[in-house]
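Note that the coordinates shown come from a computational prediction; the quantities given were computed from them, not determined experimentally.
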Amino acid sequence: MIRMIQSSAAGQARRYFNSSLRQSDYYLNGQEQPGRLHGRIAARLGIQGPVTKNTFHALCEHINPITGKSLTPRKKDNRTVGYDINFHCPKSVSILHALTDESHILDAFQASVQQTMLDIERDAQTRVRKNGQDEDRLTGELVWADFIHQTARPVDGIVPDPHLHCHSFVFNVTWDAVENQFKAGQFRDIKRDMPYYQARFHKILSDKLISLGYCIRRTDTAFEIAGMPERIMDLFSKRTNEIGQIANELGITDASELDALGARTRAKKQKGLTMTQLKQAWRKQILAMGMNDKGEGDQPIRFAPVKEPPALTPKHCVEHALQLRFERASVMPDRRILETAYRHSIGNLSVKLDQITESFGRDHRILKIKDGAKTLCTTKEVLAEERRMVQLARQGQGTLQPLYKDAPPITLDGEQAEAVRHVLTTANRLSIIRGKAGTGKTTLMKEAIHRIERTGRAVTVVAPTAQAARGVLREEGFTEAETVAKLLASTDLQNRLKDGVLWVDEAGLLNTADMTALLRLVTSKNARLILSGDTRQHTSVVRGDALRILNTVAGIKSAETSRIFRQRDLDYRQAVQALSQGDVKTAFATLHKMGAMKTVDPANPFARLAVEYVTTLQRGKTALVISPTHHQGELVTQAIRDQLRQTGRIKKTESPALQLVNTNMTEAEKSDCRNYRTGQIIQFNQNVPGIERGSRWSVVSHTDTDVRIAAGSNRPISLPLDRTQQFDVYRQAEINLAKGDTIRITRNGLDNNRKRLNNGQILDVVAVDKNGTIRLRNRISQVNYTLPNSFGHLAYAHCITSHAAQGKTVDEVFIAQPASTFAATNLNQFYVSVSRARDAVHIYTDDPAALLATASKLGDRLSALELVQRKKENRKTAEHLVRVRPPVTTTLKTRREQEPVVKPVQRKPKPYAPRPTL
């Protein structure tokens, strides 16, 4: 793992060096690795080698340690001093290093850190603001001090665990060869690309360990030494477990907040321990578990059996990265693709980093377009898919006779009436109705369908999700509404479309592939397609914001309904209106005036929410609690259930039931054997040879080339990895249910009486019988259901995500949005959350100012067509600048001519991961 932490005060950085960097927190007498200065700036200043207190303090103050003069022309009081980049070894690697007297693992780790820091240095930049410029310039020079530590922070009363890690403290200075001076660095892009550097670090280190004879296995985030017992790794994770427990209690998930939590909860230093004494203590802990430092039985833990890794090439790695990254997005930064390709190669020594980079650069399927400091990528396949969709939509324009020559009398008025007239009188095969949240799209839908059916044409109503189709639409009176997936799979449903009309509600959730399929279908059946949705709300998980692309890129005109009816309070309605228009600042000002913004204590952020939510329920109001992340939602749920239990709304007696949590693997991830874990559940969506649809199988074993699954007493078989679309992967958990709980169905299914259950359906727990049978009721329709406690596909619905809330309407909505959720916060998410209620919205956060900033970010995904259009616009701008700018009459010296003569850092040249452009 790599973490990058900003240091904003010179005094703070000096204290950090004195207390934490130059010596470990536990004074391993005679065992400390002295800090060393590295980088081209260190060579330029002549300070390479061991770092001293005076040198470190001088660099913190932005002073040249040799001359005593200021390094940069100006200094700000609040400037950034530098960044502490932490490199952490996998737990098994730290343990093996601690239990051997050799230094080979330490040497491999130090070399990997140094190589990664050189990668980071090559990307160093500085800001350019002279002569009206506003850009960043590549400099390629930094100075940093490395400090190697070999143990974790101690837990009170226990010796520290082994933990090999390095603090690389990078000072905020670089050399601008064009301006011929030292300047502050620009680290924004380096911080953004930290996952890319982490993937390179893990690949470098794992390759070195394989060369030393170790066999490694890849994990979700890094890798571990194969053969290391999980019990030993758990034994030496005391500090991690301590922080994790406290973080769970506080609801902290953000990496920077976890770092701050670790600093606040540090135990006192334990001085006087030598490495020999620590190793003796660690061996005693292993012996106390009934094991020894050789592992369990006669199997050594140092080396795993050497086996031939599966055949892998650089092209395979890039192919895997393209499949994974472009399954859920049309445009990706180049370094996110490279990061994925590097990770895929971990464990295979025959594939090198540079080979993967070169293969990526040569791949003609990838379109690479420079966008400021970033290089954005799409593929020719993705671009062609979007072009096919747009072409089909445009081909249907003006090709049909209107349903009505003159619109009949409409019972609605204003924008709603105009939207109905639009679909009744258009000659286009495709019509779009864009309606903001709460503008009465369902009302106008009923009016339009009534008028269409009077012409003798059948109307088929579908929606992208089961809850929207079989839940919301059927409850609104569209009793035969179905899902888009059912339509595309059913020949009978398709045949009913002949010369008719297909109406898609919540069309903003359609992806490019499904939209293209629908356009082809209506064209072949001579039918009309009406898309109703809101491009400001959530879009499909799968690649392509199809409705927005058709509207804004293809130029398909839409009827707009912007007058909001849902919110009864004028201020509340104005806040939602502002959010729908992207005016987040005005919306926040209105929400503040309403008293909707509630600042909470970070240490106990959900207590007030739980009390006010339950009070609302006691008043007979309908309510919804929303949080951007599942993890945060679990913590909110815990607080709400405690409050419900105190007020008697749920019973104290609970019964456990199986819960299956979807791992949400992409198709590319499901095709990689290394991503599976023993005990996972595989459930099949379709019949596969030898496997029935709906059956569940457990993962009983897995290697790098095969995953074995079993069901009941059946003999294990190989998981058909060529059929990844036919199954989903779940991890097993347990959920405790009590009478009065509210649950959400998480997968389509049937109850004990063959009644259909829809994904997203919310039900109340009426009772849990002694035999484990769960009795449920739909509070709207009053339909009862019974489930076995092994059903699995259910979760608490006391707090849901904004994705699950889309399409729902209640009296009051409660939004849990502390700083730990900001990574999942954007305008689309916030708009959906705020707009769910009729009467009131309550927003709970510990940082209102930061919430405003994060909620202002658009959640729209860039399409391939938009990326290519951006490239054309950039070319036009560049051509215009060439024509209007006067010729440059001065010349700049080359970097080599300007630089003072210094001894360069000795390193082998190697290809650098490019930021290629077309």
- Message: Using a 3.5 Å distance criterion without hydrogens, assess whether the side chain of E476 forms a donor-acceptor pair with backbone atoms of T442.
- Response: no
Sequence neighbours excluded, the answer for salt bridge (Lys or Arg N to Asp or Glu O under 4.0 Å) partners of R747 is D728
(message) Could you check whether atom CZ of R563 has more than 12 heavy atoms from other residues, nucleotides or ligands sitting under 6.0 Å from it?
(response) no
Quiz item: Any salt bridge between R861 and D545, counting N to O under 4.0 Å?
Solution: yes
Q | CA sep, side-chain torsions, deciding dist, call: S695, Q683, side-chain contact (heavy atoms from CB on, under 4.5 Å) | A | CA-CA 6 Å; S695 63; Q683 185 158 354; over 6 Å; no
Q) Can you tell me if CZ on R365 sees more than 12 non-hydrogen neighbours from other groups inside 6.0 Å? A) yes
d(M515 CE, L518 CG) to nearest 0.5 Å is 7.0 Å
Flag for D741-H798: side-chain donor and acceptor within less than 3.5 Å
yes
d(E386 CD, T378 OG1) to nearest 0.5 Å is 6.5 Å
Note: A864 and S330 closest approach over all heavy atoms is N-CB, 3.9 Å
Is it true that atom CD of E692 has more than 12 heavy atoms of other residues, nucleotides or ligands lying nearer than 6.0 Å? no
Please determine whether side-chain contact (heavy atoms from CB on, under 4.5 Å) holds for the pair T629 and T801, giving the CA-CA distance in whole Å, both sets of side-chain angles, and the decisive distance to 0.1 Å. CA-CA 6 Å; T629 67; T801 65; over 6 Å; no
Mark yes when over 12 heavy atoms from residues, nucleotides or ligands other than K557 sit less than 6.0 Å from its NZ; otherwise mark no. no
Is the shortest distance from a Lys or Arg side-chain nitrogen in E506 or K441 to a carboxylate oxygen in the other one below 4.0 Å? no
Practice prompt. Evaluate whether atom CZ of R731 has more than 12 neighbouring non-hydrogen atoms of other residues, nucleotides or ligands under 6.0 angstrom away.
Written response: no
Which of T516, L510, T512 passes side-chain contact (heavy atoms from CB on, under 4.5 Å) with D514? Answer is L510
inquiry  = For the backbone of L794 and the side chain of Q659, can you confirm whether one donor and one acceptor N or O come within less than 3.5 Å of each other?
reply    = yes
R836 and A437 have their tightest heavy-atom pair at NH2-CB, 3.5 Å
Give a yes or no on whether the backbone of V576 and the side-chain of Q567 come within a donor-acceptor separation of less than 3.5 Å. no
Practice prompt. Please report the C-alpha distance between L493 and V462 in whole Å, then the side-chain angles of each, then the deciding distance to 0.1 Å, and finally whether the side-chain contact (heavy atoms from CB on, under 4.5 Å) criterion is met.
Written response: CA-CA 11 Å; L493 286 176; V462 296; over 6 Å; no
Query raised in the report: When you look at Q829 and S833, which way does the side chain to side chain donor-acceptor pair (under 3.5 Å) test go after all the steps?
Result: CA-CA 6 Å; Q829 170 273 321; S833 301; 3.3 Å; yes
Next item on the list: Determine yes or no for a side-chain-to-main-chain donor-acceptor pair under 3.5 angstrom, with D811 supplying the side chain and T622 the backbone.
Entry: yes
Taking atom CZ as the centre, does R328 end up with more than 12 heavy-atom neighbours from other residues, nucleotides or ligands that are less than 6.0 angstrom away?
yes
### Message
Tell me whether the rings of H538 and H803 are parallel (<30°), tilted (30 to 60°) or perpendicular (>60°).
### Response
parallel
Check your understanding: Is a side-chain N or O of N778 found less than 3.5 angstrom from the main chain of I780, in a donor-acceptor match?
Key -> yes
#### Entry: Q323 vs E327, side chain to side chain donor-acceptor pair (under 3.5 Å): CA-CA, chis, key distance, verdict
CA-CA 6 Å; Q323 290 178 2; E327 180 176 326; over 6 Å; no
Answer yes or no: does atom CZ of R779 have more than 12 heavy-atom neighbours from other residues, nucleotides or ligands under 6.0 Å? no
task: Please examine the side chains of T663 and V661, heavy atoms only from C-beta on, and report whether any two atoms are closer than 4.5 Å.
output: no
Next on the checklist: Can you confirm whether P720 sits close enough to F684 that some side-chain heavy atom of one is under 4.5 Å from a side-chain heavy atom of the other?
Outcome noted: yes
Measure from the side-chain N and O atoms of Y785 to the backbone N and O of L763, and report whether any donor-acceptor pair falls under 3.5 Å. no
*Do the charged groups of E482 and R474 touch, with an N to O distance under 4.0 Å?*
yes
- Is there a donor-acceptor contact under 3.5 Å linking the side chains of N828 and R536? no
Would you sort out whether L444 and I433 count as a side-chain contact (heavy atoms from CB on, under 4.5 Å), showing the intermediate values?
CA-CA 10 Å; L444 74 85; I433 300 175; 3.7 Å; yes
- Item | T746 (side chain) donor-acceptor with H793 (main chain) under 3.5 angstrom | yes
- Message: Would you say CD of E480 has more than 12 non-hydrogen atoms from neighbouring residues, nucleotides or ligands within 6.0 angstrom?
- Response: no
### Query
Are side-chain N/O atoms of T561 and Q416 paired as donor and acceptor at under 3.5 Å?
no
So OG1 of T773 and CG of L787: to nearest 0.5 Å the spacing works out to 9.0 Å
message = Whether E866 and R870 form a salt bridge (side-chain N of Lys/Arg under 4.0 Å from carboxylate O of Asp/Glu) is what I want to check.
response = no
Rounded to the nearest 0.5 Å, the CZ atom of R548 sits from the OG atom of S558 at a distance of 13.5 Å
Compare all side-chain heavy atoms of E415 with those of S562 and state whether any distance is below 4.5 angstrom. yes
One should read off an interatomic distance between L473 CG and T479 OG1, to the nearest 0.5 angstrom, of 11.0 Å
Which of I774, L757, N784 passes side-chain contact (heavy atoms from CB on, under 4.5 Å) with D751? It is L757
Taken in chain and number order and not counting sequence neighbours, the residues that satisfy salt bridge (Lys or Arg N to Asp or Glu O under 4.0 Å) with D534 are none
Of all heavy-atom pairs linking K670 and F727, the shortest is NZ-O, 2.7 Å
Self-check item: Note, T465 side chain near Q806 side chain (heavy atom, < 4.5 Å)
Solution: no
Output for pair (D505 CG, F478 CZ), nearest 0.5 Å, gives 7.5 Å
Is there a side-chain contact between I556 and Q397, using heavy atoms and a 4.5 Å cut-off?
-> yes
Original post:
Can E385 and R543 be counted as an ion pair, charged N to O under 4.0 angstrom?
Top reply: yes
> Taking T439 for the side chain and K436 for the main chain, is one N or O donor matched with an acceptor at less than 3.5 Å?
Replying inline: yes
Is there a donor-acceptor contact under 3.5 Å from the side chain of D569 to the main chain of D571?
yes
Worksheet item: With side chains defined as the heavy atoms from C-beta onward, is the minimum distance between W503 and I449 less than 4.5 Å?
Response: yes
What one should report as the nearest heavy-atom pair of A466 and N748 is CB-OD1, 3.4 Å
When every non-hydrogen atom of I800 is compared with those of R744, the smallest separation belongs to CG2-NE, 4.0 Å
Open item on the list: Less than 4.5 Å apart, side chain to side chain, heavy atoms only: is that true for L403 and I452?
Closed with: yes
Stepwise, does the side chain to side chain donor-acceptor pair (under 3.5 Å) test hold for Q817 with T825? CA-CA 8 Å; Q817 203 129 5; T825 299; 3.0 Å; yes
Notebook entry, point to check: Is any side-chain heavy atom of L430 less than 4.5 Å from a side-chain heavy atom of L550?
Noted result: yes
Heavy-atom nearest pair, L424 first then A448, reads CD2-O, 4.2 Å
